[in-house]
J.: 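Next up is a structure, given as structure tokens.
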Amino acid sequence: MHAERYNPRESEPKWQQLWEQRQTFQSRNDDSRPKYYVLEMFPYPSGRIHMGHVRNYAMGDVVARYRRAKGFNVLHPMGWDAFGMPAENAARLNKSHPGTWTYANIATMRGQLKSMGLSLDWSREIATCDPSYYKHQQAMFLDFLKAGLVDRKKSKVNWDPVDQTVLANEQVIDGRGWRSGALVEQRELTQWFLKITDFSQDLLESLDTLDRWPEKVRLMQKNWIGRSEGLLVRFRIDPATAPAGESELEIYTTRPDTLFGARFMAVAPDHPLAAKAAESNPELAAFIAECRRMGTSVATLETAEKKGFDTGVRVAHPFDPDWKLPVYVANFVLMEYGCGAIFGCPAHDQRDLDFVNAYGLGNVPVVCPPGQDAANFTVTDVAYDGDGLMINSRFLDGMTIADAKEEVSKRLETVDMGGRPQAKRQVNFRLRDWGISRQRYWGCPIPVIHCESCDVVPAPKDSLPIELPQDVQLDVTGNPLDHHPTWKHVPCPSCGMPARRETDTMDTFVDSSWYFARFTDPWNTGAPTDKAVADHWLPVDQYIGGIEHAILHLLYSRFFTRAMQATGHLGLSEPFKGLFTQGMVVHETYRAADGAWVQPSEIKIETVGGTRRASLLEGDAEVTIGAVEKMSKSKRNTVDPDDIIGTFGADTARWFMLSDSPPERDVIWSEEGVQGASRYVQQLWRLIGEIAAFAAPVGATAPAEMSEKATAIRRLTHGHLLRVQESIERLRFNTAIAEIRKLSNGLSDAIGAIESAGIGADLAFAFREGGDVLVNLFAPMMPHLAEDCWQALGHDTPIAEAAWPVADVALATNDTVTLPIQINGKKRAEITVDRNADNATVEAAVLALEAVQKALDGKAPKKIIVVPQRIVNVVV
RNA sequence: GCGGACGUGGCGAAACUGGUAGACGCAAGAGACUUAAAAUCUCUCGGGAUUCCCGUGCGGGUUCGAUCCCCGCCGUCCGCACCA
């Protein structure tokens, strides 16, 4: 019996239960089939899933189901990025515990994900806030510590005054905290660091091996790591001007070629030389203090004018002891990069030029642009940073920039200055070590103990996990763990004297830097991973998530994988072989007359005379339709996945998510679009019902005699099968869906054409095959509907366990091809010829065409280009 | 400022390695069925004209042939931002 209408509300839970019963999506570590690891970035348990999750997980599920059907042993797990500030905030608000809120959210969201019908292996579920997870993270921290990959140092940190916590450089966006949006301040604190910079060169170089990553992401990481090749040069300080104990100033430059264009030196306000010089110069001290104040916010730094203050110190030019250069303290020099000191060559560096123009120090060009006359090339407002030949540079004159760099480096490297060479080649990186200390409660405790006599002592491994205390006071400023009356007090593991625990917790990006490895063996109580198992599954074959993680999460994970390799937990260095970054889900915005944002669910839209008008469901008041923007709570343009699944079913939601837009671009969620998807669900259901009525039995073999009609149907089936397959493999879900619709349209037309004529064994077979293939093709996108259709077609095992159909390439290709005929590049006719017809045959056929004859008007063609199986162009 | 991506009908888009521009869908319009509506089905749907011409942001170039390659503009979006 084939029901008139398909009812997803009845069907979807039924199939979800069956899959669960049969453990269809559980993957075993000892399966001998080739492995395929599909992973979507795991969610933060914020309360409810949103449409972005639906899109992300719908895509991953297509890949997982497709690969499973293709015979792979697929790992497709799910977990929770469960530590973090929102839980603490919620707990403070509700006077409860962050864990209560977190686990309640997880329960809700797990239910929501299950209602999507995702082919996930729930037996591997993990939550990063669970001691069974962070126990291993603590163990690895100790391993890293032992391996020299952890550092504890005093450093200037980005301090978020609202969240009262330290932020990594990566978490400061436009001078503001990435979560709170507050202006970030600089503070000096003792912090734990993971030494990501140990891997700077490798992290950079290996980007070239990640050929299945988006170019954009690789470029962003490359810029972030920021490698530059340069020279460290030591300048001798003029003893007459040297502050006590100072004799030299070391700078870093990438342009040693321009050394003869030097006009001044500049050091950062917190450079030791600046401090020394300020000791006897109150005005300088005041200037430095002012820079510090300005420096509290990166945002003001960006727009600040170039300011400097002459220290009175003079240094000698490395190639001319009599050439003295003034040393300034300048607000644009960063202590963190290079040496915190530079030499200024204004003619060829815009920043230096702005500085000299403000202080009247002048400039001398030393690189002459090609085609310019060296005698009258001058620089005024715009520095020249292009190519050219050296001028005004004594022994460098006439050299290329590259040669001049080499010459300067070579000469200064051999000059002895106090027993060391005066210069040294140096590669510098922008990348900084990863500060992981956070003064928060809801994070993974850093497993060390501070002892008065033994200093920092690692917590013994058998004391792990160091669990968070349940009784915690969150409404205190500062660090709640530090305020806890007893938690931090422990005896020193080394000397047994009273000591205290580290009360900082780890940045939550640590939690997400290795979860993909934990999924391979989440039951392991003794170690973070089973190395052999992890090496079997990893790297992740296809990782899918948002572009917002292009730098932070992905770079940290790449570092962590290397650190885990170094400490014996993994045998590889790159965790993600294929990366795909999906676009956002966007929606129209709506505003009431009073300017308040209105939710899509509160309005109705009518089209009157071609224009769309929106009004409130209640009260009918007119609503203004605004721009299409990212779904957000503040603009209230969100659509709740639960509502959509409840009304239309998960399949409809998944189908629409994948159908219209290319996956890397934003998708516009619209009511019309969902309804279109829902209509198609019904259309497919009807079509399969019709096909089932006269399809040959399951497993029927092809009859020897095939009519042309039957062959045409088979050709259609196999052609689209090939193209859908290719689209899915390229993650082009929108074109895959277009091809599926073409197949269903084609089968539908074919039914219309034969209905009255009756049906033979050949057609029955063709429809059996066509119907089966069609269902197979849309099963990764609409798995529940596919199960019902599969059953309707007479199959008795779930399609989720069925193999992908094998395309007959020979059948998919036609014996004949239709070639467009161009005359002077414009299409004028077409001919149908044998697929393998030789060029001479094609040419003869083309020349015989009426349109060609007419265009030639009795003359011979100048040229005929025949592109076999593609096109013919006749030039007259 | 530096780096990158993108620009195609009313809308989302497709177009393989330079080979028929607009597949597939959304919206719209006309019609069929219906007492009516929904649903469903059929047709039309880049612009202009009479067989043809124009058309992929704009202006050039390369080519038998350009949405695709090259040069120069314009616009939109994204990332980084005093990195020496």
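The sequence lines fix the lettering, A, B, ..., with proteins before strands; numbering per chain opens at 1. Everything numeric here is computed off the predicted structure, so don't read it as measured data.
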J.: Report yes or no: is the cationic atom of R741(A) (NZ for Lys, CZ for Arg) under 6.0 Å from the centre of the six-membered ring of Y680(A), at an angle within 45° of the ring normal?
T.: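 Checked: cation-pi criterion met.
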
J.: Tell me what Q822(A) touches on the nucleic acid: a base, only sugar-phosphate, or nothing, going by heavy atoms under 4.0 Å.
T.: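 Since a base atom lies under 4.0 Å of Q822(A), the category is base.
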
J.: Salt bridge check: are R732(A) and E664(A) linked by an N-O gap of less than 4.0 Å?
T.: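 Salt bridge flag = yes for E664(A) with R732(A).
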
J.: Quick one: look up who A28(B) pairs with, Watson-Crick or G-U, both distances under 3.5 Å, and put none if it's unpaired.
T.: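 U44(B) - that is the nucleotide pairing with A28(B), both distances being under 3.5 Å.
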
J.: If we check side-chain contact (heavy atoms from CB on, under 4.5 Å) with P861(A), which of these qualifies: I823(A), L847(A), V875(A), N873(A)?
T.: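 Single pass found, and it is L847(A).
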
J.: Base, sugar-phosphate or nothing for V333(A)? Non-hydrogen atoms, less than 4.0 Å.
T.: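 Base, at least one base atom sits under 4.0 Å.
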
J.: Under a 3.5 Å cut-off for both distances, is U67(B) Watson-Crick or wobble paired, and to whom?
T.: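 Base-paired to nothing in any strand shown.
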
J.: Between C6(B) and A38(B), how far apart are the two C1' atoms, rounded to whole Å?
T.: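 C6(B) and A38(B) have their C1' atoms separated by 42 Å.
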
J.: Using a heavy-atom cut-off of under 4.0 Å over every strand shown, decide if R732(A) touches base, sugar-phosphate, or nothing.
T.: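 Sugar-phosphate only.
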
J.: For D352(A) and D660(A), find the nucleotide of RNA chain B closest to each by heavy atoms; which residue's nucleotide sits nearer the 5' end?
T.: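 Its nearest nucleotide being more 5', the pick is D660(A).
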
J.: Separation of I871(A) atom CD1 from G65(B) atom C1', in whole Å?
T.: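 Roughly 7 Å, once rounded to whole Å.
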
J.: For G7(B), what is the paired nucleotide under Watson-Crick or G-U wobble rules, both distances under 3.5 Å?
T.: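 Looking at the geometry, G7(B) pairs with C74(B).
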
J.: Please state the P separation for the pair G19(B) and A15(B) - nearest whole angstrom.
T.: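 Going atom to atom, P in each nucleotide, I get 12 Å.
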
J.: It should be established whether R351(A) places a side-chain nitrogen or oxygen under 4.0 Å from OP1 or OP2 of nucleotide A84(B).
T.: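 For R351(A), the contact criterion (side-chain N or O under 4.0 Å from OP1 or OP2 of A84(B)) is not met.
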
J.: If you look at every strand shown and take non-hydrogen atoms under 4.0 Å, does L219(A) touch a base, only sugar-phosphate, or nothing?
T.: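 Here L219(A) touches the backbone only, sparing every base.
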
J.: Partner lookup for A39(B), please. Criteria are Watson-Crick or G-U wobble with both distances under 3.5 angstrom; report none if nothing qualifies.
T.: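 The answer is none; no pair meets the criterion.
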
J.: Below the 4.0 Å mark, does A14(B) have OP1 or OP2 next to a side-chain nitrogen or oxygen of R665(A)?
T.: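 For A14(B), OP1 or OP2 has a side-chain N or O of R665(A) closer than 4.0 Å.
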
J.: Touch check for S659(A), heavy atoms < 4.0 angstrom, all strands: base, sugar-phosphate only, or nothing?
T.: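 No contact at all - S659(A) keeps every heavy atom at 4.0 Å or more from the nucleic acid.
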
J.: Determine whether a donor-acceptor pair (one donor, one acceptor, N or O, separation below 3.5 Å) exists between the side chain of R5(A) and the base of A39(B).
T.: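 Result: no qualifying N/O pair found.
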
J.: Run the ring-ring contact (aromatic ring centres under 6.0 Å, His included) check on Y359(A) and F264(A) step by step: do they pass?
T.: CA-CA 11 Å; Y359(A) 290 90; F264(A) 67 97; 8.9 Å; no

J.: Looking at C82(B), does its base get a donor-acceptor pair with the side chain of K306(A) below 3.5 Å?
T.: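 Yes, the side chain and the base share a sub-3.5 Å donor-acceptor pair.
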
J.: Quick one: are the ring centres of F656(A) and F648(A) less than 6.0 Å apart?
T.: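 No; F648(A) has its ring centre 6.0 Å or more from that of F656(A).
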
J.: I want to check one thing: is the phosphate of A84(B), taken as OP1 and OP2, less than 4.0 Å away from some side-chain N or O of Y252(A)?
T.: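 For A84(B), OP1/OP2 do not have a side-chain N/O of Y252(A) under 4.0 Å.
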
J.: Please report the distance separating the C1' of G12(B) from the corresponding atom of G7(B), rounded so that it comes out in whole Å.
T.: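 Nearest-Å result for G12(B) against G7(B) at atom C1': 15 Å.
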
J.: Rounded to whole angstrom, note down the C1' distance from G22(B) over to U62(B).
T.: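 Those two atoms are separated by 26 Å.
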
J.: Give me the distance, rounded to whole Å, that separates U67(B) from A21(B) when you measure between the C1' atoms they each carry.
T.: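 My reading of the C1' atoms in U67(B) and A21(B) gives 8 Å.
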
J.: Can a donor-acceptor pair be found, under 3.5 Å and without considering hydrogens, that links the side chain of D433(A) to the backbone of I196(A)?
T.: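 Side chain of D433(A) to backbone of I196(A), a donor-acceptor pair under 3.5 Å: yes, one is there.
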
J.: What does G1(B) pair with, Watson-Crick or G-U, if both distances are under 3.5 Å?
T.: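 The base-pairing partner of G1(B), which may sit in any strand shown, is C80(B).
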
J.: Under 4.0 angstrom, heavy atoms only, what part of the nucleic acid is V875(A) near: base, sugar-phosphate, or nothing?
T.: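 Sugar-phosphate: the residue V875(A), judged by heavy atoms under 4.0 Å, touches backbone atoms but no base.
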
J.: How far, in whole Å, is C52(B) from G18(B) if one measures between their C1' atoms?
T.: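 To the nearest whole Å, 27 Å.
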
J.: May I ask you to say what D349(A) touches in the nucleic acid, namely base, sugar-phosphate or nothing, with a heavy-atom cut-off under 4.0 Å?
T.: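 Nothing, no heavy atom under 4.0 Å.
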
J.: Taking the C1' atom in each of U17(B) and G65(B), what is the distance between them to the nearest angstrom?
T.: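 Their C1' atoms lie roughly 15 Å apart.
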
J.: Any salt bridge between R218(A) and E215(A), counting N to O under 4.0 Å?
T.: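 Salt bridge between R218(A) and E215(A), a charged N being under 4.0 Å from a carboxylate O: yes.
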
J.: Measure the distance from CD1 on I225(A) to C1' on G79(B) and round it to the nearest whole Å.
T.: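 Nearest whole value for this atom pair: 15 Å.
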
J.: Regarding R741(A), tell me which of base, sugar-phosphate or nothing describes its non-hydrogen contacts under 4.0 Å with the strands shown.
T.: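 Sugar-phosphate, no base atom in range.
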
J.: Please compare A677(A) and A738(A) by the position of their nearest nucleotide in RNA chain B and report the one closer to 5'.
T.: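 With A677(A) and A738(A) compared, the 5'-side residue is A738(A).
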
J.: In whole Å, measure the gap between the P atoms of A23(B) and G9(B) for me.
T.: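 A23(B) and G9(B) have their P atoms separated by 13 Å.
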
J.: Please determine, for U51(B), whether a Watson-Crick or G-U wobble partner exists with both distances under 3.5 Å, and give it or none.
T.: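 Paired with no nucleotide.
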
